[in-house]
There are 2 protein chains.
Amino acid sequence: MSTDGPAQMADATDGIMVPLCAVFRRFLKKQGLKFTPERALVLDAVLAQGGVFEADDVDAHLRSQGHRVGKATIYRTLRHLQDAGIIAEVLIGGKQAHYRLTFGQPPRGHLVCIETGRIVEFDAPELERLRDRICQEHGFEAVSVQVVIHGISPEARQERSGD
Amino acid sequence: MSTDGPAQMADATDGIMVPLCAVFRRFLKKQGLKFTPERALVLDAVLAQGGVFEADDVDAHLRSQGHRVGKATIYRTLRHLQDAGIIAEVLIGGKQAHYRLTFGQPPRGHLVCIETGRIVEFDAPELERLRDRICQEHGFEAVSVQVVIHGISPEARQERSGD
DNA sequence: CTTGCTGCAAAAGTTTTGCACACGT
DNA sequence: ACGTGTGCAAAACTTTTGCAGCAAG
């Protein structure tokens, strides 16, 4: 995967895996929905992704584990995970949707290399202040904030000079 | 149009219209490309949009003026305008691309109502500092920054209570 | 048992591309 | 004249939906 996190969490995920599953079950029950094996598999695949991922990454991960879940089911489950507040869309551009695990995490910004596509996540605590200030000024009720910086990574710059 | 600007520019555009046209011509010439009537029309339509717009808005504007420019040409021209630094993509989500005029403008943030789709632009000077700090920390060369806040507008909140 | 779920294939919707012909420079 | 541009229709892609059979609660 092409994402670096500020606080590396190789398998720190294991720690929240069980609670997340519980959170998801609770959410589904509350909505009168069912907890199926496919949904569990998708959640597993999502947790296995470190950082930003897209629907296809989930599909690829599942296949690599020998599981086969229809793409429609993957899309449907990603939407539920979003509704449950477990993942959120990250707007970095491109034609496919990108997501990241957000459960219990603070807002994070993303630095994207326009040449290589590499994504670096960074913490930007000041975002919460900005969000609150702007929302107050306009009478909005905030739901999310995101910052994306597009630029050229050191590696890309290097390759560029070596053309 | 569904966009409010901080510094309202009803037709402040007139002031930069001529230079922008010149900027575009210069850009095209430098790239060995041609300045055609269709490209001029698309640029006009872009300038007529206040705030955030999408390809279809440009198409609609052109039609409303009695002009007929193929959609392929609109898309191709928008890309050139992007390359020329006249417009830039705004990542607010949804399946179609959104743009805004950026020529000579400072970075601006966007507040988007998730219920009505209304977009409010706001100035956030601190973004430049954040951008520079993060890029320096990671050795990136910055190309753009953007902040998007999703939330619920006062109007939407009102309608919601009146259900 | 009742309701929701899955997988497949078809549908949708935006953006891109191939082509034959037309037009700036 | 040469090299691009234009419009149209088809292609590409991601995401959504309809449906028939299947399964969780």
Side-chain angles (χ1 to χ4, degrees), chain A residues 21-22 24-46 52-63 66-84 87-99 117, chain B residues 21-22 24-46 52-63 66-84 87-99 117:
Chain A
C21 188
F24 193 31
R25 292 180 100 113
R26 209 171 306 139
F27 168 82
L28 291 172
K29 175 170 288 180
K30 192 167 38 181
Q31 307 287 305
L33 304 177
K34 293 165 182 172
F35 184 75
T36 65
E38 289 80 5
R39 286 174 180 174
L41 284 168
V42 171
L43 177 54
D44 279 357
V46 161
V52 176
F53 63 91
E54 50 194 76
D56 214 53
D57 293 327
V58 171
D59 191 29
H61 181 87
L62 289 172
R63 285 177 193 282
H67 299 114
R68 206 63 29 103
V69 177
K71 230 163 185 185
T73 298
I74 293 176
Y75 280 111
R76 287 184 283 231
T77 305
L78 287 175
R79 175 161 303 175
H80 287 135
L81 288 169
Q82 241 183 117
D83 294 342
I87 63 174
E89 205 177 335
V90 178
L91 303 173
I92 57 178
K95 51 195 321 174
Q96 58 280 70
H98 292 82
Y99 305 89
Chain B
C21 187
F24 194 31
R25 292 180 99 115
R26 210 171 305 139
F27 168 81
L28 292 171
K29 175 169 289 181
K30 192 166 37 181
Q31 309 287 306
L33 304 177
K34 293 165 182 171
F35 184 75
T36 64
E38 288 81 4
R39 286 174 181 174
L41 285 169
V42 171
L43 177 54
D44 279 357
V46 162
V52 176
F53 63 90
E54 49 195 76
D56 214 53
D57 293 326
V58 171
D59 192 29
H61 181 87
L62 289 172
R63 285 177 192 282
H67 299 115
R68 206 63 27 106
V69 177
K71 232 168 183 182
T73 297
I74 293 176
Y75 279 112
R76 287 184 284 231
T77 304
L78 287 176
R79 174 159 304 176
H80 288 135
L81 288 169
Q82 241 184 117
D83 293 342
I87 64 175
E89 206 176 334
V90 178
L91 303 173
I92 58 179
K95 50 198 321 174
Q96 59 279 69
H98 293 82
Y99 304 89

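Keep in mind it's a predicted model, so treat the numbers as computed, not measured.
- Rounded to an integer number of Å, the gap from B:Asp57 CG to C:dT14 P is 12 Å.
- Straight-line distance from the CZ atom of B:Phe35 to the C1' atom of D:dG3: 19 Å, rounded to whole Å.
- B:Tyr99 pairs in a side chain to side chain contact (heavy atoms under 4.5 Å, CB included) with only one of the listed residues (B:Val90, B:Asp57, B:Leu78, B:Val52), which is B:Leu78.
- Of the possible polar contacts, none joining the A:Thr73 side chain to the A:Val69 backbone as a donor-acceptor pair under 3.5 Å is found.
- To the nearest angstrom, P of C:dT14 lies 15 Å from CG of B:Leu78.
- In terms of heavy atoms, A:Leu28 sits closest to A:Lys34 at CD1-O, 3.7 Å.
- Here the P atom of nucleotide C:dT6 and the CG atom of A:Leu62 are 12 Å apart, to the nearest Å.
- The pair B:Arg79-B:Asp83 does not meet the salt-bridge criterion, since no charged nitrogen lies less than 4.0 angstrom from a carboxylate oxygen.
- When rounded to the nearest whole Å, the span between CD of A:Glu38 and C1' of D:dA23 equals 9 Å.
- B:Lys34 contributes a side-chain N or O that forms a donor-acceptor pair with the base of D:dG3 under 3.5 Å.
- Comparing C:dG7, D:dT15, C:dG4 against the side chain of A:Thr73 picks out C:dG7 as the nearest.
- Computed from coordinates, the B:Gln82 CD to C:dT15 P distance equals 11 Å when rounded to whole Å.
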Return the polar atom pairs (N/O with N/O) between nucleotides 16-18 of chain D and the protein under 3.5 Å, or none.
unit_1, atom_1, unit_2, atom_2, d
D:dT16, OP1, A:Arg79, NH2, 2.3

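- Closest non-hydrogen pair, A:Leu91 versus B:Ile92, comes out as CD1-C, 3.6 Å.
- Atom CG of A:Leu43 is separated from atom NE2 of A:His80 by 13.5 Å, given to the nearest 0.5 angstrom.
- Between A:Phe24 and A:Phe35, the two ring planes are perpendicular [angle over 60°; tilted spans 30° to 60°].
- Each of B:Tyr99 and B:Lys29 was matched to the nucleotide of DNA chain C holding its nearest heavy atom; the match closer to the 5' end belongs to B:Tyr99.
- Straight-line distance from the CD1 atom of A:Ile74 to the C1' atom of D:dT15: 12 Å, rounded to whole Å.
- Dashed line: the shortest gap from a side-chain N or O of B:Thr36 to OP1 or OP2 of C:dG24 is not under 4.0 Å.
- Place B:Arg25 and B:Glu54 on DNA chain C by their nearest nucleotides, and B:Glu54 ends up nearer the 5' end.
- As rounded to whole Å, 18 Å separates atom P of C:dA22 from atom CZ of B:Arg39.
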